[in-house]
Number of protein chains: 2
Amino acid sequence: MTVLKKSEIKRNALVKATITLVNNNGFHATPMSKIAKMANVSPATIYLYFENKQDLVNKVYIGVKAAFTAYAFATYQDHMPVAQGFELIWKRIADFKLNEGEEALFLAQCDNTPVIDEDSRQAGIKHLKPLLDLWERGRQERIIKPLSDYLLYAYTINPLSFLMVMQDRGAFKIDKNTIEDAYQAAWDSIKH
Amino acid sequence: MTVLKKSEIKRNALVKATITLVNNNGFHATPMSKIAKMANVSPATIYLYFENKQDLVNKVYIGVKAAFTAYAFATYQDHMPVAQGFELIWKRIADFKLNEGEEALFLAQCDNTPVIDEDSRQAGIKHLKPLLDLWERGRQERIIKPLSDYLLYAYTINPLSFLMVMQDRGAFKIDKNTIEDAYQAAWDSIKH
DNA sequence: AAATTAAAAATGAACGTTCATTCTTTTTTT
DNA sequence: AAAAAAAGAATGAACGTTCATTTTTAATTT
């Protein structure tokens, strides 16, 4: 187990609190005072770790996005066959969303609203490079339809976010079968 | 052309301003004073038409949702064959999103964030009934995979919202071909 | 090892601003 | 002229941020 400095513990608590509160109320309905309270910290302390509120969400977003993509690509290797590589990455992403529900929800919220600075958003997109490369290979090998990255994303990765949000609202429950069905639908929509 | 009472003109201006400003800045970053200014109205006047800020978004949301579903189902009849009915509805929805970009974007934003009251959200969902009925018929006739409504929605309707948001950010442009490709992907993902 | 000092981290109260909403006055309509 | 609609100014609460201090940690000296 990594030993954390006290300051890192505080920073982590602030990040956690931000994620939870933004998930439940949205960014602008989450005052710094509440974040501080949930992290057991004085409001002023936040400003030792972050420049201001905007800087706080930006940094939390980038951090979560990094953790997300690290998880997604952890077991992927770029010499894998396209279909196998896609299934692997897709299911890792699904795993992340299931196991790290709060983080996934936070990303979904940030990706769909004008909360994050454009710079931070761009930084987050960069991390997807391996998947975009895989898709390019898939198109060239005629395994994947000749669709733009945006369409491929819209029909494979994005639906997971939607399902997450619905689950969070208590509308329904994602289980093993749901995941398998969703994967089939995703693959069917883009396979040649 | 319908003749509008002066009061209706003001109300419409307020609705329009709300949509535009919420699209660009998000709900909580949109002050009543700005909405009033954009609608050429005093802040106080808003309160003649709406109880408060929350009531304002709720009502705008419900109104836009109603217009959206009216458009989506305008030419649909429930005796149509499943595949034909689905294509019709899907393409009407795509049309709406293209022609009424601001309204569509507003819905996407409200559907993905905790801005709208749960009651208003539920009211919005009710309007989708004809589509859910069509899907049920499709499942029974083994034309559509036996997937839950949420999965069908995630893989057919929701991707359009994602593409809209991306287009709004200037990331890419939706054209006739995109729509056709998207429809094919949607159908491929759910057809038996 | 204990005592002292310096540095860093953290705090709670306070400030200035912004915002939703209300109040009073003016304008428009009937 | 009375009633209704609209306006602009006013209000109080909430917020992000800063500031003056205190507390904790680390370094240095005895």
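Naming convention: chains lettered A, B, ... in sequence-line order (proteins, then strands); numbering from 1 in each chain.
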Parallel, tilted or perpendicular: which one describes the rings of B:F106 and B:Y61, with boundaries at 30° and 60°?
tilted
Which word best sums up how the rings of B:Y183 and B:W187 line up, parallel for under 30°, tilted for 30 to 60°, or perpendicular for over 60°?
parallel
What integer distance in Å separates [X]:[atom1] from [N]:[atom2]?
X: A:L48; N: D:dT23; atom1: CG; atom2: C1'; result: 13 Å
X: A:F50; N: C:dA9; atom1: CZ; atom2: P; result: 14 Å
X: A:R11; N: C:dA9; atom1: CZ; atom2: P; result: 14 Å

Under 4.0 Å between a side-chain N/O of B:S42 and OP1 or OP2 of D:dA6, yes or no?
no
Decide whether [X] and [Y] meet the rule of one side-chain donor and one side-chain acceptor closer than 3.5 Å.
X: B:K97; Y: B:S161; result: yes
X: A:Y150; Y: A:N158; result: no
X: B:T20; Y: B:N23; result: no

Spell out protein contact along nucleotides 14-23 of chain C as letters: B when the base is contacted, S when just the sugar-phosphate is, - when no protein heavy atom is under 4.0 Å; keep the 5' to 3' order.
-----SSBBB
In this structure, is the centre-to-centre distance between the rings of A:F162 and B:F162 below 6.0 Å?
no
